[in-house]
Amino acid sequence: MFEVVVLAAGRSSRFKTGIPKVFHRLLDKPILGYVLDTIECIEPDRIYVVINPSMESEASKLFGNKFHWVCQQEPLGTGHAFQQVLPHLQEDSYVLIVTGDSPLLSADILKRAKLLAERELVIVTADMENPKGYGRIVRDHNGTVTSIVEDCDANESQQTITEINSGIIGGPANLIAELLRGATHANSQNEIYLTEIARLAADRGEKVHTVAVGDPMEVLGINDRSQLAEVEQILLNRCRHEVMLAGTTLRDPLRFDLRGKLKTGIDCTIDVNVIIEGEVTLGDRTYIGPGCILRDVKIGDDVSIQAYSILDSAIVGNRCSIGPFARIRPDTDIGEDSRIGNFVEIKNSKLGKRVRASHLAYLGDATLGDNVNIGAGAVTCNFDGQSKHETMIGEDVFIGTNSTLVAPLYIEAESFIAAGSTITHDVKERALVVGRSRQRSIKRWNPPSRRKK
Ligand code: UD1
Ligand code: CA
């Protein structure tokens, strides 16, 4: 049996947070999610995750029920955390113990460690240019590992050691358990360190193997928010690189944030400060202007999304132009060749082809046919204070400027609503509807200010 134990229960004191550290997000996923996804790639028979009581209710909600959650009541150290899993482990299993705060781990290093862990103790190490904060690997003159010394317990000469413990330790579970029985709290944090097994094994003449990661970046641990940002930038740079290799121009890669999945056609251009979340698809030759936020949208070919537009859960047809400053809310489907201009908000609406809503309008719960023109300031009044109502507008309808369309409402094809109208009744038979008070003129009127006392 090959089992993996993930340690995620520690206190998050360096993080200064009210939520468990490993639940903090990196791009679109909690830190722990990255670790678990990588571990799943190497297909262990079981994955245990050691969590603390404050994580219990959220853990399975966030990650499902395929993991075995084991609670460590108090954070008494990484060795103590592993001991909580011992009663659950299978007889004669061999384990890999992985820290839950190293999201850049690769499946490759886990596979290499796994091969050794079946037979003997193995520690995954890295050579860190700046080893501050990590446990140092101490070796004797023969190069044999004699102990791991934590940063806070290391003396001056040990602090200069750049070979560090990645936090991944493996071996036969019984052997690790037995060695840990000799571990004490005699350290600056008064904890039972898992790393003690290096010293205890050396004392017994037990061989400790090390495998070094090729790229030390892989084992970066996240202990504080500055490291969270550092790791997020590494992940972002990978995404940016992939997007560009897939044929999209990023005007400034460092000012592009991909926090989800992006599928692009050819020759797309993305301007600065764009944020992509969820699943976004861009058709060929699509342009995304500066400052746009796109979440779960499907955009067709030759579309231009202009500066500072926000689109969420929407479909945009080929050759549309959206924005600047447009807000497209969930369940909106905009037909081909439509133009949605500045300060237009659309929600839960289906627009036909060649619709124009060029400025300052609100369309909510509406269905529009082809070639509809929505004048500036036109608004669907879809809410009566209690329920939402629909507006249906047939093709070739002209809605004049500042029209107020009180839903539920049906406006038949080819109707013409005069500017400034308030429409409360259905419009039929290709009517021109003027729903406003008549203009009155009172000639040579003297306003009170001009009247003689
Ligand atoms: C740990 C290692 C250190 C290594 C570094 C690699 C120990 C004592 N130190 O240090 O040698 O270089 O990782 O990143 O093992 N945890 C628990 N219960 C606890 C304490 C911790 O589950 O009681 C979990 C934490 O949630 C975390 C992981 O174990 O995911 C490591 O703990 P952390 O406090 O981050 O240890 P480091 O100081 O980073
Ligand atoms: Ca850590």
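Counting convention: from 1, in listed order, for ligands and their atoms alike. When a residue number appears, it is its place in the shown sequence, counting from 1.
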**Student:** Among all residues two or more places apart in sequence or in another chain, which pass the side-chain contact (heavy atoms from CB on, under 4.5 Å) test with Asn223?
**Tutor:** Arg14, Lys21, Asp101, Gln227

**Student:** Would you mind checking which non-hydrogen protein atom is closest to atom 32 (O) of ligand 1, with the distance to 0.1 Å?
**Tutor:** Thr78 CG2, 3.9 Å

**Student:** In this structure, does ligand 1 have an atom that sits under 4.0 Å from one of the heavy atoms of Gln72?
**Tutor:** yes

**Student:** Suppose we only allow N, O or S atoms; which atom of Asp101 ends up nearest to the Ca ion (ligand 2)?
**Tutor:** OD2

**Student:** Within a distance under 4.0 Å of any heavy atom of Gly135, pick out the atoms of ligand 1 and give their elements.
**Tutor:** 3 (C), 4 (C), 11 (O), 12 (O)

**Student:** Using the salt bridge (charged side-chain N to carboxylate O under 4.0 Å, His left out) rule, pick out the option among Asp337, Asp302, Asp301 that qualifies with Arg319.
**Tutor:**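 Going through Asp337, Asp302, Asp301 one by one, the salt bridge (charged side-chain N to carboxylate O under 4.0 Å, His left out) with Arg319 is satisfied by Asp337 alone.
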
**Student:** Would you please determine whether Ile164 falls within less than 4.0 Å of ligand 1 on a heavy-atom basis?
**Tutor:** no

**Student:** Heavy atoms only: give me the nearest Ile42-Lys114 pair and the separation to one decimal.
**Tutor:** O-NZ, 4.0 Å

**Student:** Is there a polar contact between ligand 1 and Asp101, counting only N or O atoms under 3.5 Å apart?
**Tutor:**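 Asp101 vs ligand 1: N/O contact under 3.5 Å present.
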
**Student:** With heavy-atom distances below 4.0 Å as the criterion, list the atoms of ligand 1 near Ser166.
**Tutor:**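 Taking each heavy atom of Ser166 in turn, ligand 1 has 6 (C), 14 (O) under 4.0 Å.
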
**Student:** Go through Glu279 and Lys263 one step at a time and tell me if the salt bridge (Lys or Arg N to Asp or Glu O under 4.0 Å) criterion holds.
**Tutor:** CA-CA 8 Å; Glu279 290 194 20; Lys263 232 176 103 190; over 6 Å; no

**Student:** Hey, mind stepping through Asp37 and Lys29 against salt bridge (Lys or Arg N to Asp or Glu O under 4.0 Å) and telling me if it holds?
**Tutor:** CA-CA 11 Å; Asp37 284 354; Lys29 227 170 32 186; 2.6 Å; yes

**Student:** Are Asp333 and Lys350 within salt-bridge range, i.e. N to O under 4.0 Å?
**Tutor:** yes

**Student:** Heavy atom of Lys21 under 4.0 Å from ligand 1?
**Tutor:**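 Contact present.
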
**Student:** Before giving the answer on side chain to side chain contact (heavy atoms under 4.5 Å, CB included), spell out for Arg259 and Ile275 the whole-Å C-alpha distance, their side-chain angles and the decisive distance to 0.1 Å.
**Tutor:** CA-CA 7 Å; Arg259 300 176 188 159; Ile275 300 176; 3.7 Å; yes

**Student:** Just jot down the ligand 1 atoms closer than 4.0 angstrom to any heavy atom of Thr195, in number order.
**Tutor:** 7 (C), 8 (C), 11 (O), 15 (O)

**Student:** Considering Glu150, Arg14, Gln189 one by one, which has a heavy atom nearer to atom 36 (O) of ligand 1 than any of the others?
**Tutor:** Arg14

**Student:** Closest non-hydrogen protein atom to atom 22 (O) of ligand 1, residue and atom name please, with distance?
**Tutor:**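 The closest one turns out to be Ala9 N, 2.7 Å.
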
**Student:** Rounded to the nearest 0.5 Å, what's the gap from CD1 on Ile51 to CG on Leu7? Could you check?
**Tutor:** 12.5 Å

**Student:** Can you check side chain to side chain contact (heavy atoms under 4.5 Å, CB included) on Leu110 and Thr38, steps first, answer last?
**Tutor:** CA-CA 9 Å; Leu110 295 180; Thr38 308; 4.0 Å; yes

**Student:** Please could you name the atoms of ligand 1 that Gly10 approaches to less than 4.0 Å, counting only its heavy atoms?
**Tutor:**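 Reading through ligand 1 atom by atom, the close ones are 16 (N), 17 (C), 18 (N), 19 (C), 20 (C), 21 (C), 22 (O), 24 (C), 25 (C), 26 (O).
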
**Student:** Tell me whether the centres of the aromatic rings in Phe343 and His359 are closer together than 6.0 Å.
**Tutor:** no

**Student:** In ligand 1, which numbered atoms sit nearer than 4.0 Å to a non-hydrogen atom of Ala81?
**Tutor:** 17 (C), 18 (N), 22 (O)

**Student:** Quick check: does Gly221 get an N/O under 3.5 Å from an N/O on ligand 1?
**Tutor:** no

**Student:** Which is it for Ala8 and ligand 1 at heavy atoms under 4.0 Å: side chain, backbone, both or neither?
**Tutor:** backbone

**Student:** Run through Asp153, Val149, Ile148 and flag the one making a side-chain contact (heavy atoms from CB on, under 4.5 Å) with Tyr193.
**Tutor:**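 Testing each of Asp153, Val149, Ile148 against Tyr193, the sole residue satisfying side-chain contact (heavy atoms from CB on, under 4.5 Å) is Asp153.
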
**Student:** Among protein heavy atoms, which lies nearest atom 4 (C) of ligand 1, and at what distance?
**Tutor:** Asn165 O, 3.2 Å

**Student:** Could you list the atoms of ligand 1 found under 4.0 angstrom from a heavy atom of Asn223?
**Tutor:**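 Heavy-atom distances to Asn223 below 4.0 Å select 35 (O), 39 (O).
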
**Student:** Mind checking whether the Ca ion (ligand 2) has an N, O or S of Asn223 under 3.0 Å?
**Tutor:** yes

**Student:** Any atoms of ligand 1 less than 4.0 Å from a non-hydrogen atom of Leu76? List them with their elements.
**Tutor:** 23 (O)

**Student:** Quick check: closest heavy atoms across Cys152 and Gln189, and the distance to 0.1 Å?
**Tutor:**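 Reported closest heavy-atom pair: SG-NE2, 3.7 Å.
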
**Student:** Checking contacts here: is it the side chain or the backbone of Glu191 that comes within 4.0 Å of ligand 1, counting heavy atoms only? Could be both or neither.
**Tutor:**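 Glu191 to ligand 1: no contact under 4.0 Å from either part.
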
**Student:** Looking only at protein heavy atoms, identify the closest one to atom 23 (O) of ligand 1 and say how far it is in Å.
**Tutor:**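 Looking at atom 23 (O) of ligand 1, the protein heavy atom closest to it is Gly77 N, 2.8 Å.
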
**Student:** Please identify which atoms of ligand 1 are closer than 4.0 Å to at least one heavy atom of Pro75.
**Tutor:** 23 (O)

